Amino acid sequence: IQLWHCEEGKFNDFLATNLGIVLGLGLLGWAIVSGSKATKFFYNVDGIAIVLGGTIAATLISFPLKEVLGVFNSFRIVFFSTKQDSDFANFTITDAVETSLYSFKNDIGFKDIIEECAPQVYDPFFRDGLSLVAGNYPPEMVKETMQTNIGNRTLRELSQVKLLRSMGNFSPTFGIIGTVIGLIQMMAVMKSDISNVGEGLATAFVATFYGALLANLFFHPMAEKLESRRTKNILNMQLIMTATLLVQAKHHPVYIEANLNSFIPPKERYGRFNNGEFAGAPRIKVSGKGGPKKAKTKRKGGDPFDDDIF
């Protein structure tokens, strides 16, 4: 399943995620070490096995195996993805403006325009939309096809968010189960000797600690991070769909730029026109003939936003 292709702000996400993990674990470690000398009780193999094993078992029961295996890529994306591409929207707007500008300057049909401009288009989803335009499909069919693509992708991406949230709900429950098991075992051997009750309670409650830690420092934050990326994906794909329809309607390039700029904050917008003349904008170099070259970052073809997949 190909998911989480939004590249916007990945490097910042990488820094924020790992800084949060280091800060969270660091503060917990400091609290454990400074608060008591009984640090050995915070390591309990049985508690870890109950919480992790139970969480994985419940997840396998709740979700298809393919989606469960996809969680490993979710970890990779959240904690190890370092690529940065913070200007996706502006590259798309530049492609739309240049395609429209080419059609205004050359009195040729859509098919010839798209064949000339498509190799220079930054995003594969945009190229697919322009291909529909080149095929002379009516705007209603182009819009319907692209909306279907967006909707289906949204559902696929949502499945991983739901899975991680479920794991975040399962782990504290199995932590409590581990604690109950520990209490039962402690009371079964306690009899008349209550000298080890404190140690037994400490060992029993550590499972609850593991469950709460996994849920609130890993599973739920990961789900929120992926949900944020899913929202960005939707916005970027809606931008591409709008750009495709504007190009198909043969609107003026200045109007297209003004319309699409509404998708991004004012401080991130580029002015592509100077006194009515196209002044260009930062580009990304891709393979293809003709047209202005984009600067250094290369992008592979395939799915839209294709970088992180599982």
Side-chain angles (χ1 to χ4, degrees), residues 4-16 81-105 113-114 117-130 133 139 142-143 146-147 149-150 153-154 225 227-286 288 290-299 304-307:
W4 311 119
H5 313 299
C6 178
E7 298 178 353
E8 185 172 350
K10 281 186 179 178
F11 188 67
N12 291 334
D13 282 352
F14 170 78
L15 287 177
S81 178
T82 59
K83 286 189 177 181
Q84 183 179 19
D85 185 2
S86 59
D87 226 1
F88 176 89
N90 272 305
F91 294 137
T92 301
I93 295 171
T94 297
D95 285 332
V97 169
E98 289 188 347
T99 302
S100 175
L101 195 64
Y102 189 85
S103 69
F104 268 81
K105 290 183 176 180
I113 293 170
I114 302 307
C117 297
Q120 295 298 319
V121 169
Y122 174 68
D123 186 80
F125 185 48
F126 197 4
R127 291 199 294 269
D128 291 343
L130 293 176
V133 174
V142 174
K143 183 176 181 179
M146 299 186 80
Q147 283 180 332
N149 193 311
I150 295 171
R153 178 175 300 280
T154 299
K225 180 76 75 173
E227 175 65 21
S228 174
R229 292 192 177 194
R230 188 177 77 92
T231 302
K232 291 178 182 177
N233 282 355
I234 295 172
L235 182 63
N236 286 334
M237 296 184 79
Q238 287 176 340
L239 166 64
I240 292 171
M241 181 180 69
T242 303
T244 302
L245 296 172
L246 289 172
V247 170
Q248 184 177 27
K250 296 185 177 181
H251 287 296
H252 193 277
V254 175
Y255 173 78
I256 291 178
E257 181 191 42
N259 190 303
L260 297 179
N261 270 340
S262 65
F263 284 85
I264 55 178
K267 65 180 180 180
E268 296 179 10
R269 298 173 186 173
Y270 290 120
R272 295 170 181 80
F273 293 91
N274 184 15
N275 296 324
E277 294 295 326
F278 184 67
R283 302 297 307 270
I284 295 250
K285 186 176 182 180
V286 293
K293 298 296 182 183
K294 300 178 182 178
K296 296 182 180 177
T297 306
K298 270 195 179 179
R299 179 180 180 76
F305 319 115
D306 188 10
D307 175 70

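In what follows, residues are counted from 1 in the order of the sequence shown. It should be emphasised that the depicted structure is a prediction, and the values quoted were computed from it without experimental measurement.
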- prompt: Under a 4.5 Å cut-off applied to non-hydrogen side-chain atoms, are Phe125 and Ile150 in contact?
  reply: yes
- line: Rounding to 0.5 Å, atoms CZ (Arg153) and CE (Met237) come to a distance of 4.5 Å
- request: Show your reasoning for whether side-chain contact (heavy atoms from CB on, under 4.5 Å) applies to Asn236 and Thr92.
  value: CA-CA 9 Å; Asn236 286 334; Thr92 301; over 6 Å; no
- request: Verify, without hydrogens or angle tests, whether Ser262 (side chain) and Asn259 (backbone) share a donor-acceptor contact under 3.5 angstrom.
  value: yes
message: Can you confirm whether Ile240 sits close enough to Met146 that some side-chain heavy atom of one is under 4.5 Å from a side-chain heavy atom of the other?
response: yes
Reported NE2-to-CG distance for the pair His252 and Leu101, which is rounded to 0.5 angstrom: 8.0 Å
- prompt: Does Ala96 offer a backbone N or O that forms a donor-acceptor pair with the side chain of Ser100 under 3.5 Å?
  reply: no
field: From Gln238 atom CD to Gln147 atom CD, the distance as rounded to the nearest 0.5 Å
entry: 8.5 Å
- request: For residues Pro266 and Arg269, determine if any side-chain heavy atom of one lies less than 4.5 Å from a side-chain heavy atom of the other.
  value: yes
- line: The reported gap from CD1 in Ile256 to CD in Glu98 (rounded to nearest 0.5 angstrom) is 12.0 Å
task: Please confirm whether the backbone N or O of Val142 pairs with a side-chain atom of Thr244, one donor and one acceptor, at under 3.5 Å?
output: no
field: Close side-chain approach of Asp95 and Asp123, heavy atoms under 4.5 Å
entry: no
- prompt: Tell me, do Phe263 and Thr242 make a side-chain contact under 4.5 Å, heavy atoms counted?
  reply: yes
- request: With rounding to the nearest 0.5 Å, note down the distance linking OG1 in Thr94 to OH in Tyr270.
  value: 8.0 Å
query: Taking all atoms of both residues into account, what is the closest heavy-atom pair of Ile264 and Ala89, and its distance?
result: CG2-CB, 3.2 Å
- request: Begin from the C-alpha positions of Leu260 and Leu239 and carry the test side-chain contact (heavy atoms from CB on, under 4.5 Å) through to its verdict.
  value: CA-CA 7 Å; Leu260 297 179; Leu239 166 64; 3.7 Å; yes
- request: Please report the shortest heavy-atom distance between Thr154 and Arg230, naming the atom on each side.
  value: CG2-NH1, 2.7 Å
